[in-house]
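Data block below; observations after.
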Amino acid sequence: MDNFNSTLHNSPVHKIAIIGAGKVGTTFAYALILNGLAGEIVLIDVDKERTEGEVMDLSHAVPLSSPVRIWNGEYADCAGANIIVITAGASQRPGETRLDLLKRNTAIFRQILPQVLEYNRSAILLIATNPVDVLSYASWKLSGLDAARVIGSGTVLDTARFRSLISTRFNLDARNVHAFIIGEHGDSEVAVWSSANIAGVPMQDYCRQIGNEICGDDRQRITDEVRNAAYEIIKRKGATYYAVGMGLARIVESILRDQNSVLSISSLVPGLYGIEDVYLSLPTVLGQNGVERVLELNLDDSEMADLLHSAAVMRQVIDQLDIQPL
Ligand code: NAD
């Protein structure tokens with residue numbers, strides 16, 4: 001194995017462990033195969049047989065991309081991983097409340113985390129399982145790791161959806177649309193229109209320049225479409241996984257390449273806007289040590305009120321959980 005890596009890579013081999021080889025975990029693994037960021041990918045799941053099938057299928061894509069070793073592993077394989085991504089979880093049962101699902105997923109995390117930490121306490125933990133903000137907070141509390149190294153995928157997906165919808169509305173390259181969804185990854189998330197811009201040109205100025213005003217209704221439609229995207233996709237195909245898989249790969253890229261990209265991941269809010277002791281998403285500089293800095297956006301009054309509401313919702317949910325360190 002060492003020969004395999006040393007002959008094919010000049011740079012250090014990056015190892016990613018993925019706990020949960022369901023739709024999100026395997027789509028993320030596929031994105032990693034495509035972007036060639038990792039030299040080793042280990043998938044760990046309670047369903048060993050299905051994971052074996054996923055690994056067989058994924059590894060057959062490798063000759064058509066770039067070299068990466070991918071296998072169906074055990075928790076001991078977390079040793080040496082740079083980033084451990086958790087996508088494992090239970091899905092909502094008919095009639096089950098979100099809080100009951102959260103309690104079940106917290107119980108799953110209580111099983112998973114000690115097994116991960118037994119073999120690796122230096123990796124960055126990246127959580128994708130929902131509700132992602134609360135489970136990221138719980139992972140930080142349960143693990144006792146430095147908060148800068150325990151993060152959630154947060155609203156990276158929602159921000160991508162926001163940029164995608166704005167770019168479609170104006171027929172522009174989405175990469176030139178700079179706009180963030182902040183707060184909870186969920187119903188209380190906040191679309192920050194006040195600082196949305198096209199390549200540095202404030203949205204209102206851009207609209208004036210092209211003689212195409214974006215009215216309040218238009219904004220509301222886009223905001224609603226972002227917030228309801230998951231429901232609409234799940235209604236049609238049962239789950240969402242492509243965009244979140246790419247979102248996770250983008251987060252991992254910023255960490256492994258120390259890019260210091262600004263991404264709306266979920267992390268411990270360091271007292272900004274008077275918010276503390278909750279995880280939620282704000283534009284965050286992400287580098288090789290995890291969270292390098294959380295940025296403070298200049299919010300208008302209604303965005304500010306909505307963000308405080310989102311933080312209060314997070315706090316209320318956390319207060320209903322029993323999260324004692326492991
Ligand atoms: P899935 O049911 O396809 O996969 C979940 C996997 O977890 C299964 O393979 C299951 O066997 C495994 N698992 C369950 N308990 C386990 C345990 N104790 N140890 C190891 N593995 C275990 O679900 P999915 O569609 O892949 O979604 C996974 C999670 O990601 C869900 O919570 C979903 O809501 C969330 N999600 C998050 C985002 C985001 O933006 N953060 C987007 C989409 C989905």
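Computation of the quantities below employed the complete heavy-atom set of this structure, encompassing side-chain atoms and omitting hydrogens, waters and symmetry-equivalent molecules. Both counts, for ligands and for their atoms, begin at 1 and track the order of listing. Nothing fancy with the numbering, it's 1 onward along the sequence. None of the values given here were measured: they were computed from a predicted structure.
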Residues N72 and T51: side-chain donor-acceptor under 3.5 angstrom:
no
Side chain of K48, backbone of G73: donor and acceptor closer than 3.5 Å?
yes
Just by distance, no angles: are the side chains of S264 and T159 close enough, under 3.5 Å, to form a donor-acceptor pair?
yes
Using a distance-only test with no angle check, is there a side-chain donor-acceptor pair under 3.5 angstrom linking D187 and Y231?
yes
I'd like to know if the side chain of Y137 pairs up with that of D277 as donor and acceptor (distance under 3.5 Å, no hydrogens or angles considered).
yes
If two hydrophobic side chains count as joined below 4.5 Å and joins carry through other members, does V317 share a cluster with L101?
no
Under 4.0 Å from ligand 1, residues with heavy atoms, in chain and number order, are A21, G22, K23, V24, D45, V46, R50, Y75, T87, A88, G89, I108, Q111, I112, A128, T129, N130, S153, L157, H185, T240, V244
